[in-house]
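Since this is a predicted model, take the numbers as computed values, not measurements. The figures here come from the full heavy-atom set of this structure, side chains too, leaving out hydrogens, waters and symmetry mates.
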Amino acid sequence: MANKVVAIDGPSASGKSTVAKRVAAALGFLYVDSGALYRAVTWKALQEKVSTSDASRVSILLQNLAITFYEKEGIVCFKIDDRELKNEIRAIEVNENVSKIAAMPEVRSQVVVWLRDMVRFGDLVMEGRDIATAVFPNAEHKFYLDASEEERAKRRFQEIHDGAEKITFTDVNESLKRRDAIDKGRKMDPLRMANGAVKIDTTGMNIDQVVQFIVDRLKACVF
Ligand code: DC
């Protein structure tokens with residue numbers, strides 16, 4: 001039987017990553033952070049001083065990218081040039097450029113191929129923006145997480161504040177809005193809720209409640 005995919009989409013700071021990781025652990029599925037791939041391409045472009053607005057140069061960079069995939073501790077991971085990327089793909093410069101890179105059709109087509117191929121590792125919980133609409137439109141289980149703009153900005157501010165970076169709440173709010181606008185407005189596979197997806201407004205919910213809601217729903221299905 002084909003390996004199963006649980007798709008979890010939603011905007012930045014909607015709680016997807018934490019929820020998806022916990023749902024994967026509860027089900028014994030592997031976790032996939034699809035945004036990390038867009039971030040890695042962005043990081044590599046910045047490293048190589050390739051303009052993140054120059055689609056043809058980014059495309060060449062992509063063709064020459066040495067990327068390998070492997071499973072580690074319940075996560076499908078990757079290496080670029082034999083190097084595991086950690087905090088570097090969460091840097092402010094990457095945050096500010098990744099939506100532009102993720103809007104490039106050449107980049108999206110390649111990342112979708114990488115993501116689809118990951119089912120060879122096992123059953124997956126994959127989170128992103130287009131998992132249920134474009135990567136696995138036939139996934140049986142689709143969730144769309146959202147939260148009010150204010151709540152999402154508060155969460156992101158808290159995260160950044162914990163990392164001790166100096167940035168104001170207004171900056172965080174504006175940056176989120178900019179990224180939302182690009183993610184929702186791009187031509188290819190914009191962020192939107194897929195047909196048949198279950199929408200969860202996580203405003204006022206804690207992580208445990210969201211995880212429980214999803215796990216209960218999945219366990220109620222013949223899975
Ligand atoms: O979830 P994240 O913040 O790590 O995502 C980084 C960027 O990649 C963000 O601009 C949205 C984009 N992205 C996407 O377009 N499609 C995905 N499946 C995942 C992320």
What verdict does the side chain to side chain contact (heavy atoms under 4.5 Å, CB included) test give for Glu127 and Leu145, after you've listed the backbone C-alpha separation in whole Å, the side-chain angles of each residue and the deciding distance to 0.1 Å?
CA-CA 10 Å; Glu127 55 116 337; Leu145 264 54; over 6 Å; no
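- Under the 4.5 Å side-chain criterion, counting only non-hydrogen atoms from C-beta, Ile92 is not in contact with Asp171.
- Side chains of Phe143 and Leu218 form a contact here, defined as non-hydrogen atoms less than 4.5 Å apart.
- Both Phe78 and Trp43 belong to a common hydrophobic cluster when Ile, Leu, Val, Met, Phe, Trp and Tyr are linked at side-chain heavy-atom distances under 4.5 angstrom.
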Pair Arg178-Glu96, salt bridge (charged side-chain N to carboxylate O under 4.0 Å, His left out): steps then yes or no
CA-CA 9 Å; Arg178 264 198 310 276; Glu96 290 306 320; 3.0 Å; yes
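- When every heavy atom of Leu30 is checked against every heavy atom of Gly122, the shortest pair comes out as CD1-N, 4.1 Å.
- The CG atom of Asn3 sits 11.5 Å away from atom CZ of Phe121, with the distance rounded to the nearest 0.5 Å.
- Both Leu85 and Leu61 are part of a single hydrophobic cluster, where members link through side-chain heavy atoms under 4.5 Å apart.
- Between the CD1 atom of Ile101 and the CD1 atom of Ile182 there is a distance of 11.0 Å, given to the nearest 0.5 Å.
- To the nearest 0.5 Å, atoms CE (Met118) and OG (Ser34) are separated by 8.5 Å.
- Although no hydrogens or angles enter the test, the distance criterion places a donor-acceptor pair under 3.5 Å between the side chain of Glu88 and the main chain of Lys86.
- A donor-acceptor pair is defined here as one N or O able to donate and one able to accept, closer than 3.5 Å; no such pair exists between the side chain of Gln63 and the backbone of Ile60.
- Side chain of Asn97 to main chain of Glu93: a donor-acceptor pair is present (N/O by atom type, distance under 3.5 Å, no hydrogens or angles).
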Between Asp33 and Arg39, is the salt bridge (charged side-chain N to carboxylate O under 4.0 Å, His left out) condition met? List the steps.
CA-CA 10 Å; Asp33 168 8; Arg39 287 174 175 275; over 6 Å; no
Decide yes or no on salt bridge (charged side-chain N to carboxylate O under 4.0 Å, His left out) for Arg155 and Glu151, but give the supporting numbers first.
CA-CA 6 Å; Arg155 290 176 188 167; Glu151 170 93 10; 3.2 Å; yes
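- Under the 4.5 Å side-chain heavy-atom criterion for grouping Ile, Leu, Val, Met, Phe, Trp and Tyr, Phe213 is not connected to Tyr31 through any hydrophobic cluster.
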Could you go through Lys154 and Glu150, starting from their C-alpha distance and side-chain angles, then the distance that decides it, and tell me whether this counts as salt bridge (charged side-chain N to carboxylate O under 4.0 Å, His left out)?
CA-CA 6 Å; Lys154 272 191 202 154; Glu150 198 194 344; 3.7 Å; yes
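- No side-chain donor from either of Arg152 and Thr202 sits under 3.5 Å from a side-chain acceptor of the other.
- Nearest heavy-atom pair across Leu62 and Glu106 is CD2-O, 3.6 Å.
- Both Val112 and Val98 belong to a common hydrophobic cluster when Ile, Leu, Val, Met, Phe, Trp and Tyr are linked at side-chain heavy-atom distances under 4.5 angstrom.
- Between the CG atom of Asp201 and the OG atom of Ser148 there is a distance of 7.5 Å, given to the nearest 0.5 Å.
- A donor-acceptor pair under 3.5 Å links the side-chain atoms of Asp9 to the main chain of Ala132, judged by distance alone.
- Residue Val125 forms a side chain to side chain contact (heavy atoms under 4.5 Å, CB included) with just one option from Val5, Val6, Ile131, and that option is Val6.
- When all heavy atoms of Thr203 and Ala147 are compared, the pair lying nearest together is OG1-CA, 3.2 Å.
- Using a 4.5 Å cut-off on side-chain heavy atoms (C-beta onward), Ser59 and Met104 make no contact.
- Using a 4.5 Å heavy-atom cutoff, the side chains of Leu37 and Phe69 are in contact.
- Atom CG of Leu65 is separated from atom CG of Asp81 by 6.5 Å, given to the nearest 0.5 angstrom.
- Residue Glu71 qualifies as enclosed at atom CD: its count of foreign heavy atoms under 6.0 Å is above 12.
- The nearest pair of heavy atoms linking Gly10 to Lys16 is O-NZ, 3.0 Å.
- Under the 3.5 Å distance criterion, the side-chain polar atoms of Arg22 are left unmatched by any main-chain donor or acceptor of Asp208.
- Within the 4.5 Å cutoff, the side chain of Lys4 has no heavy atoms near those of the Glu140 side chain.
- A cation-pi arrangement, defined by a distance under 6.0 Å to the six-membered ring centre and an angle within 45 degrees of its axis, is present between Lys79 and Tyr70.
- The local environment of CD in Glu84 is crowded, with over 12 non-hydrogen atoms from other residues, nucleotides or ligands closer than 6.0 Å.
- Asn206 contributes a side-chain N or O that, together with a main-chain N or O of Gln209, makes up a donor-acceptor pair within less than 3.5 Å.
- Proximity of Gln110 to Val41: side-chain heavy atoms (C-beta onward) are nowhere separated by under 4.5 Å.
- Residue Phe136 comes nearest to Arg116 through the heavy atom pair CZ-CA, 3.6 Å, listed as atom of the first residue, atom of the second, then distance.
- In this structure a side-chain-to-backbone donor-acceptor pair under 3.5 Å is present from Arg186 to Asp189.
- Using a 4.5 Å cut-off on side-chain heavy atoms (C-beta onward), Thr52 and Val58 make no contact.
- When all heavy atoms of Arg129 and Leu191 are compared, the closest pair comes out as O-CD1, 3.5 Å.
- Under the 4.5 Å side-chain criterion, counting only non-hydrogen atoms from C-beta, Glu149 is not in contact with Leu176.
- Not a single donor-acceptor pair under 3.5 Å links the side chain of Arg108 to the backbone N or O of Ala103.
- Hydrophobic clustering, with ILVMFWY side chains joined whenever heavy atoms are under 4.5 angstrom apart, keeps Ile207 apart from Tyr144.
- With values rounded to the nearest 0.5 angstrom, Ile8 atom CD1 is found 11.5 Å from Leu124 atom CG.
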